[in-house]
Number of protein chains: 2
Amino acid sequence: MDVKFRKPKPNRIFQHVVAEIQAAILDGRLKPGDQLPPEMKLKDMFDTSRGTIREALRVLEQKGLIDIRTGVSGGAVVRKVDTRQITESLNLLIQAQNVSFDQLVEFREAVEGIVAGLAAERAKPENIQHLRELMASADRLLKEGSGHWRELLDIDVKLHIAIAEVAGNPVFVAVLKMVHENILDSFEWFELENSHVLQDSFQDMGQLIRAIENGQATEAGSLARYHVRKFHDYLKRGFRNEQ
Amino acid sequence: MDVKFRKPKPNRIFQHVVAEIQAAILDGRLKPGDQLPPEMKLKDMFDTSRGTIREALRVLEQKGLIDIRTGVSGGAVVRKVDTRQITESLNLLIQAQNVSFDQLVEFREAVEGIVAGLAAERAKPENIQHLRELMASADRLLKEGSGHWRELLDIDVKLHIAIAEVAGNPVFVAVLKMVHENILDSFEWFELENSHVLQDSFQDMGQLIRAIENGQATEAGSLARYHVRKFHDYLKRGFRNEQ
DNA sequence: ATCTGTCTAACTGTTTAACTGTTTGACCTT
DNA sequence: AAGGTCAAACAGTTAAACAGTTAGACAGAT
């Protein structure tokens with residue numbers, strides 16, 4: 001017998017509302033920035049209750065398809081689909097699976113190596129310009145001393161993500177954002193104060209950006225991996241350890 | 001002035017309910033299979049309205065953290081977090097055309113290359129045994145002709161995931177599942193019938209497994225990348241094209 | 001003319017109570 | 001033991017009301 005029986009479909013009106021609105025967004029009828037009608041209007045359009053509409057909007061919001069605002073001119077606005085949901089759902093998966101820090105670092109090292117190589121192949125002058133601007137910010141803060149470790153950390157992350165964006169593949173960007181969020185959340189970073197590690201780290205980044213600028217893909221990959229490994233060795237040993 | 005002002009926090013009770021339940025799941029207080037209290041109980045526990053609880057449950061469901069059932073013994077049950085949400089998130093990006101198929105393949109190629117290299121470094125005899133068993137299944141089906149393309153596709157994916165599991169890093173496993181599930185969903189595969197492509201593909205896999213078994217990390221990485229690229233070239237040109 | 005303060009209105013966020021639909025399991029019959 | 005019926009425990013939906021948020025209009029002060 002070759003007949004397949006299908007699981008009965010769930011009988012939930014709000015899912016139908018989700019599907020309709022999602023389809024309108026994905027097939028281009030609704031574009032980023034477009035405002036959906038207010039809840040009370042949607043309830044009439046779908047001939048359902050306001051509560052059901054609200055539930056559907058919650059799901060669409062969690063899918064990253066809309067933003068919801070309160071107040072005048074409020075309501076649901078269509079969002080440009082971006083990598084945020086991948087990063088969030090990967091984060092949940094990583095947290096639920098108790099992925100070890102070493103495993104995360106291994107993944108990071110591999111991916112940053114690839115991304116740096118691609119960035120070296122694809123960088124345009126305006127990309128390099130942006131990277132240099134971030135580096136210049138970091139240099140200014142470094143000159144003021146390591147009291148600015150919090151901002152310097154932010155810039156470090158911004159640099160890594162910017163390099164991933166130069167590589168031009170959103171999937172790499174999404175996974176690296178996940179990695180960085182997990183790493184940032186995993187440590188108390190105050191020990192960076194009074195430590196040479198950030199100086200050291202930005203020196204590495206400087207070399208990496210030069211390699212990218214010079215189109216040296218293999219060199220950039222190596223430098224990126226070296227940088228990641230070194231930084232995480234510091235994390236393990238503590239920032240105060242001097243050679 | 002060194003004072004930083006923070007963006008006001010959204011004032012939504014349901015998000016607080018989401019956060020509390022999510023935290024209980026992620027820190028292990030709630031385990032897969034555990035039943036949450038009924039809505040009416042949760043409303044008392046959180047001292048909020050039933051509607052607000054429902055909205056929170058919608059969000060948790062969309063995050064893949066719970067399943068909700070109707071009827072006696074119904075209610076929200078904690079789910080084992082799996083790759084379903086990351087797959088869906090990536091799928092939305094693809095449908096919104098913010099990730100191209102080429103970008104997905106580029107990501108896949110890079111990651112499969114890394115994973116194959118790690119697997120070659122880490123394979124144990126029982127791992128190789130498992131890979132060989134999957135290959136033996138494929139060989140049997142190949143001998144029966146290409147009418148079994150559906151099962152053969154499944155085995156191909158299983159092989160790739162098994163190699164990732166030999167590499168032993170759950171992050172790589174997760175992202176590869178995400179990729180494979182989207183690739184599987186992106187095509188009508190029936191053209192594989194009457195095509196040599198699967199035979200060809202499993203021949204590549206055989207070589208890859210040998211390289212892994214022999215601990216040849218660089219070779220395994222190259223073979224994996226070559227295999228991915230070749231397969232996707234077939235996808236682009238159509239499976240019937242003969243050289 | 002520009003800025004500040006106040007108020008209104010347009011929306012979302014939440015609450016409550018009621019009804020409807022789904023499903024499991026207890027119990028009875030064959 | 002198997003099948004049917006029914007009740008109860010739940011989720012799904014609805015409607016109406018009130019509370020909170022926010023943009024913009026308007027008036028007054030500088």
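What you see is a predicted model, and the numbers here were worked out from it, not measured in a lab. In what follows, chains are A, B, ... by sequence order, proteins preceding strands, each numbered from 1.
- Residues satisfying the ring pair (Phe, Tyr, Trp, His ring centres under 6.0 Å) test with A:H130, not counting sequence neighbours, are none.
- Applying the salt bridge (charged side-chain N to carboxylate O under 4.0 Å, His left out) rule to pairs touching residues 18-28 of chain B yields B:D27-B:R29, sequence neighbours excluded.
- Under 4.0 Å is where a charged nitrogen must lie from a carboxylate oxygen, and between A:E151 and A:K158 no such pair does.
- Whole-Å rounding puts the A:D47 CG to D:dT14 C1' distance at 11 Å.
- A salt bridge (charged side-chain N to carboxylate O under 4.0 Å, His left out) check over residues 94-112 of chain B, counting only residues at least two apart or in different chains, returns the pairs A:R122-B:E106, B:D102-B:K236, B:R108-B:E112, B:E109-B:R229.
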Next on the checklist: Please encode protein proximity along nucleotides 3-11 of chain D as a string of B, S and -, counting only heavy-atom distances under 4.0 Å.
Outcome noted: -----BBBB

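- When the P atom of D:dA17 is taken as reference, atom NZ of A:K43 falls 12 Å away, rounded to whole Å.
- Applying the salt bridge (charged side-chain N to carboxylate O under 4.0 Å, His left out) test to every pair with at least one member in residues 163-181 of chain B, sequence neighbours left out, gives no pairs at all.
- Residues that satisfy the salt bridge (charged side-chain N to carboxylate O under 4.0 Å, His left out) test with A:R50, not counting sequence neighbours, are A:E39.
- Residue pairs satisfying the side-chain hydrogen bond (donor to acceptor under 3.5 Å, both in side chains) criterion with at least one member in residues 131-142 of chain A, sequence neighbours excluded, are listed as follows: A:Q129-A:E133, A:R132-A:E213.
- Under the rule for a ring pair (Phe, Tyr, Trp, His ring centres under 6.0 Å), the partners of B:F172 that lie at least two apart in sequence or sit in another chain are A:F107.
- The nucleotide range of DNA chain C contacted by chain A, defined by atoms under 4.0 angstrom from heavy atoms of the protein and reported 5' to 3', is C:dA9 to C:dT22.
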